[in-house]
Participant: 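First the structure, then my questions, so here it is.
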Amino acid sequence: MNKKTIRDIKVAGKKVFVRVDYNVPMDKSGQITDDTRIRATLPTLKYLLEQEAAIILASHLGRPKGSPVAEFSLAPIGRKLAALIGQDVVFAPECVGPVAQSMAKALQPGQILLLENLRFHKEEEKNDSAFAGELASLADVAVNDAFGVSHRAHASVEGITRFVPAVAGFLMEKEIAFVGGAVANAARPFVAIIGGAKVTDKIGVIENLLQKVDTLIIGGGMANTFIAASGYGTGKSLVEADKLDLARSLIGQAKERGVNLLLPADVVIADRFAADAAHKVVAINAISEDWMALDIGPASQQAFAQALVGAKTVVWNGPMGVFEMDAFAKGTEAVAKAVADSGAISIVGGGDSIAALEKTGLASKISHISTGGGASLEYLEGKVLPGIAALADKE
Ligand code: 3PG
């Protein structure tokens, strides 16, 4: 990696501003339902504490639109972090202003201060320079461990790097190595499995990966558009009529490039979109007119798993069916197992894919589970992520 990390700079005795992505899901009672993103930053925080740095943590939570909203306060996240890291986390009720300034000033080496939600100020998302300068004035150096928001040119992500030296934390380093590495120089054979409801959400990813992979597997709702584009009837399945030409062009591009493009050979069709719908497995040339495809079938599961045999790199993003309904979760679970068993460097992103890995108990067999949603997709599209680009380069 050509970006400096916290190992490359002196942090001992310094005030270190650490941008994290603690945008975690919470239930109605304010309980954190998945603390993965908090746990993922612990290696960086522990290292900084060992080095006797004073940590000033900053994050966004939700989309409060530039003013304080109680339900988006980071206070409960501070309590969770304190429990996970086993030490006090001081909470600053503001991320800028005199209170934040004096709390940051009083902070001692080995202590953690968590600032209130950055997005309570509209200047954060506007990448306002004065605001970025105020954040920077709290610290001596900045660390970005917020891969999940590195596709946003926001003040705490990008603007701040113009005021203080900025380097990557360990989570960011890992995301760059795995997700960036897959895009830049994957070990081959390289297989990508792309799923999810809509082609629209993944066009950029498919177009970019078509130039990199040996095999591209397409499943999930978006496969219906490719099935329709190949001339098959799709009944009442979700098909993006305005993307049929694009799907044909992508099929053509795969052929020209010698990429093995795999679409489902069979699907699970249902008589309606419901967990208790009547359902059956049919070949893709036999989708009944009044039914809809909601998962890939067993022959597809087998073919997709077979395509992973011998792969050296596997990227998987998006479910193979309506994963939240048990009757249509089998395809996604089978792919989770195939990716986990592949022996390849495996990189997984997207909420449903990760949930499938966790449900099947296979998460620990994956080389890298990305903490970024939109960020990992944009990275796979080959885009430059402003939060990464702004970090100091290695000499
Ligand atoms: C995410 O959850 O994908 C990141 O935290 C970014 O959030 P945003 O889409 O609200 O910028």
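All residue numbers in this chain count up from 1 along the given sequence. Order of listing sets the numbers, starting from 1, for every ligand and every atom in it.
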Participant: Measure the acute angle between the ring planes of F147 and Y379, then classify it against the limits of 30° and 60° as parallel, tilted or perpendicular.
Facilitator: tilted
Participant: For R119, which part has a heavy atom under 4.0 Å from ligand 1: side chain, backbone, both, or neither?
Facilitator: side chain
Participant: What is the closest protein heavy atom to atom 11 (O) of ligand 1, and at what distance does it sit?
Facilitator: R152 NE, 2.6 Å
Participant: Could you tell me whether E124 and R19 have a side-chain N and a carboxylate O separated by less than 4.0 Å?
Facilitator: yes
Participant: Short list, please: which atoms of ligand 1 are under 4.0 Å from a heavy atom of H60?
Facilitator: 4 (C), 5 (O), 6 (C), 7 (O)
Participant: Ignoring angles and geometry beyond distance, decide whether D21 reaches within less than 3.5 Å of ligand 1 through its nitrogen or oxygen atoms.
Facilitator: yes
Participant: Below a 4.0 angstrom heavy-atom separation, can you tell me which part of R37, side chain or backbone, both or neither, approaches ligand 1?
Facilitator: side chain
Participant: Taking it one step at a time, do K4 and E395 satisfy salt bridge (Lys or Arg N to Asp or Glu O under 4.0 Å)?
Facilitator: CA-CA 9 Å; K4 279 191 182 169; E395 277 113 39; 2.8 Å; yes
Participant: Any cation-pi pair here, K359 with F323, using under 6.0 Å and within 45°?
Facilitator: yes
Participant: I need the nearest protein heavy-atom contact for atom 8 (P) of ligand 1: residue, atom name and distance, please.
Facilitator: R63 NH2, 3.5 Å
Participant: Verify side-chain contact (heavy atoms from CB on, under 4.5 Å) between L114 and L81, making sure each step is shown before the conclusion.
Facilitator: CA-CA 10 Å; L114 173 64; L81 173 63; 5.7 Å; no
